[in-house]
Protein chains: 2
Amino acid sequence: MMARRKAGLGERHKKILKFLEKFQSENGFPPSIREIGENTKISSTSVVNYYLNQLEEMNFIERESNVSRGIRLVRTLEGNLMQTAKAITDMFTVPVVGRIVAGEPVPVPSSDFNYYDQETGIDIARSLLPPREKTEDLFALEVQGDSMIDAMVNDGDIVIMRPITQVENGEMVAVWLSDRDETTLKYFFNENGKVRLQPANPTMKPIIIDNPAQVKVQGKVVLVIRRMENV
Amino acid sequence: MMARRKAGLGERHKKILKFLEKFQSENGFPPSIREIGENTKISSTSVVNYYLNQLEEMNFIERESNVSRGIRLVRTLEGNLMQTAKAITDMFTVPVVGRIVAGEPVPVPSSDFNYYDQETGIDIARSLLPPREKTEDLFALEVQGDSMIDAMVNDGDIVIMRPITQVENGEMVAVWLSDRDETTLKYFFNENGKVRLQPANPTMKPIIIDNPAQVKVQGKVVLVIRRMENV
DNA sequence: ATAATACACGAACATACGTTCGATGTCAAG
DNA sequence: CTTGACATCGAACGTATGTTCGTGTATTAT
């Protein structure tokens, strides 16, 4: 018995895989056999079928028999193990509504804020948040300046927040301190009528506020993302 | 003329949307009209068609005419603006290969490491990385302890890294300092034969290493993710 | 020379599938 | 009571779609 097929992908395999990724990305559903053929210069549906069967054997795709567009991408050409099945409900976009700087209050979106019309957003995998966390009111802010370093948050970091009406002890919140004209990110504790704002950096001391009225909690931090760029 | 339909979704709309999300999530492709009917107790394909047309008018889905399974989810029942079209190529999983602690070298995966067999991974939106960044060699580590605070990285943070063979000035890297038996995360600079390791925290001083042989660069940091949990 | 396998293809076929049509029922307003 | 809008449904139809079959060529091992 003579196996002449290369261990691995031929040119047509690669072309088909690339097209599958592109089509699904652009359309939200897989292509048909005929659409694959039309876009990979394969004139016969049986040849496309032949290659799809091989891609299935090599665990790049899964197929459902006798189902139109019944192709599920399992692995991309780059080799990434794609969780196609997870994608639809497990990634979402959080609108970036502005910047967080020390000298201004956090720009919390108002209740009539239209999340759908935002031009910039940051994509987040759902699994980064607890399952019970609602995702629809989240907003993102980009940190500007070094004023948040006691929160272990750097210039340029993305902070994902949610508006809250009631803060619980131990939550990481953005607070506006009216007596200092300052926004800060701290762990919040209400202790015997006083507010303790605890930095994330364990080597730093907390702020004690005797008059809780001076503390305006503007939102809770649920995620911080730092994209590394060279300095 | 009398409009009796509620502004918004009826019970059948909601059932259909939920099923669309679930089916696509589990199968990687949308259901057919008949499959929707079978799973929402609607016995007629024309009724399903009737409701799908309304969901399209309300911008929950987009449809392709005369295309089997030509349904694209645009918005979920929760209201999230889902980028169905982006999902297939724009989210991937990075395996979590261990922990990064100060007193041990970084557990960099070996070159025969099987990324596909990892049981735990962290899901990342592709758009969080630069377009040219390759994604297949990335690995994730969970930070253990307070030793990375000068890198603005907290206990419990997830650090996404890649192996590198050659470090460029200004890159954030994990280095093992053999004379100190310590791993640290720093911006790397090679200056006149000496290595300067610059903390991310701008208030802290760099480490100057006269003998570069003592510095083992173990990987480059490309992303840091901090999931907020209460303290 | 022969056999086996891979690769390529067109054609035919049956089923999957979406759309359309006509009919019926309910409800609220006039 | 009538009318119009909305909801519901079965049936029919035509097209979209995947699978199968038979054929041909090229290559390699026996």
Side-chain angles (χ1 to χ4, degrees), chain A residues 1-20 23-24 26-58 60-74, chain B residues 1-20 23-24 26-58 60-74:
Chain A
M1 178 170 296
M2 175 186 62
R4 281 200 292 113
R5 176 156 46 91
K6 290 179 272 181
L9 298 170
E11 277 309 304
R12 273 186 159 172
H13 294 116
K14 290 175 178 175
K15 271 177 147 185
I16 290 175
L17 259 186
K18 267 181 172 316
F19 178 72
L20 281 173
F23 189 97
Q24 178 103 37
E26 289 172 355
N27 291 278
F29 51 84
S32 65
I33 306 288
R34 282 171 176 80
E35 282 164 340
I36 295 170
E38 283 154 17
N39 286 271
T40 55
K41 303 275 198 294
I42 300 175
S43 57
S44 164
T45 54
S46 72
V47 174
V48 177
N49 196 52
Y50 168 80
Y51 281 108
L52 289 177
N53 286 336
Q54 289 180 345
L55 287 168
E56 186 172 30
E57 283 173 27
M58 294 187 262
F60 282 91
I61 64 173
E62 287 168 355
R63 294 189 78 190
E64 304 288 330
S65 189
N66 284 308
V67 164
S68 64
R69 302 173 193 274
I71 300 171
R72 179 166 47 249
L73 250 179
V74 175
Chain B
M1 177 172 294
M2 176 183 61
R4 285 203 287 116
R5 174 153 51 89
K6 287 178 271 178
L9 300 170
E11 278 309 304
R12 274 187 158 171
H13 293 117
K14 290 176 178 174
K15 272 178 147 186
I16 290 174
L17 259 187
K18 266 178 175 309
F19 178 71
L20 280 173
F23 189 97
Q24 178 103 39
E26 288 171 356
N27 291 278
F29 51 85
S32 66
I33 306 285
R34 284 172 175 79
E35 282 164 338
I36 295 171
E38 285 156 16
N39 287 270
T40 55
K41 303 279 199 291
I42 300 174
S43 57
S44 163
T45 54
S46 72
V47 174
V48 176
N49 195 52
Y50 171 81
Y51 282 107
L52 288 177
N53 285 337
Q54 288 179 345
L55 287 169
E56 186 173 27
E57 283 173 26
M58 294 187 262
F60 282 91
I61 65 173
E62 288 169 356
R63 294 188 79 189
E64 304 287 333
S65 187
N66 284 309
V67 164
S68 65
R69 302 175 192 272
I71 300 171
R72 181 167 45 249
L73 249 178
V74 176

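Heavy-atom basis, side chains included; hydrogens, waters and symmetry copies ignored.
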Output yes when at least one side-chain N/O atom of A:Tyr50 is less than 4.0 Å from OP1 or OP2 of C:dA6, else no.
-> no
Got a donor-acceptor pair under 3.5 Å from the side chain of A:Ser44 to the base of C:dG10?
-> yes
Do we see a donor-acceptor contact under 3.5 Å between the side chains of B:Arg12 and B:Thr40?
-> no
From the candidates D:dA7, D:dC21, D:dC9, the one with an atom nearest any side-chain atom of B:Ser43 is D:dC9
The nucleotide from C:dC17, C:dC9, C:dC7 with an atom nearest the side chain of A:Gln54 is C:dC7
For A:Asn66, report the nucleic acid contact type (base, sugar-phosphate, nothing); a contact means any heavy atom under 4.0 Å.
-> sugar-phosphate
Can you tell me the distance, in whole Å, between the CD atom of A:Glu38 and the C1' atom of D:dA16?
-> 11 Å
Can you check the A:Glu35 CD to D:dT15 P distance for me, whole Å?
-> 17 Å
Can a side chain N or O of B:Arg63 be found less than 4.0 Å away from OP1 or OP2 on C:dT19?
-> yes
For C:dC17, take OP1 and OP2 only and decide whether either is under 4.0 Å from a side-chain N or O of A:Arg69.
-> no
For the side chain of B:Arg12, starting at C-beta, report the closest nucleotide among C:dT19, D:dC9, D:dT17.
-> D:dC9
When we call it a touch if two heavy atoms are under 4.0 Å apart, what does A:Ser46 touch: a base, just sugar-phosphate, or nothing?
-> base
Closest heavy-atom pair, A:Ile33 versus A:Thr45, reported as atoms and distance to 0.1 Å, is CG2-O, 3.6 Å
A:Gly37 and A:Val48: which non-hydrogen atoms are nearest, and at how many Å?
-> CA-CG2, 3.7 Å
Return the value, rounded to whole Å, for the distance between atom CZ of A:Arg34 and atom P of C:dT15.
-> 16 Å
Closest heavy-atom contact between B:Arg63 and B:Glu56?
-> N-OE2, 3.1 Å
Could you check which of C:dA11, C:dC7, C:dG18 has an atom nearest any side-chain atom of B:Ser68?
-> C:dG18
Atom-to-atom span, CD of A:Glu57 to C1' of C:dT5 - whole angstrom | 14 Å
C:dC9 P sits how many Å from A:Ile42 CD1, rounded?
-> 7 Å
Closest to the 5' end of DNA chain D, once B:Val47 and B:Val67 are matched to their nearest nucleotides, is B:Val47
Nearest-angstrom distance from the residue atom CD1 of A:Ile33 to P of D:dT17 = 10 Å
Grab the CZ-P distance between B:Phe29 and C:dA16 for me, whole Å please.
-> 14 Å
Could you check how far CG of B:Asn49 sits from P of D:dA7, rounded to whole Å?
-> 14 Å
Between B:Gln24 and B:Pro30, which heavy-atom pair has the shortest distance, and what is it?
-> OE1-CG, 3.5 Å
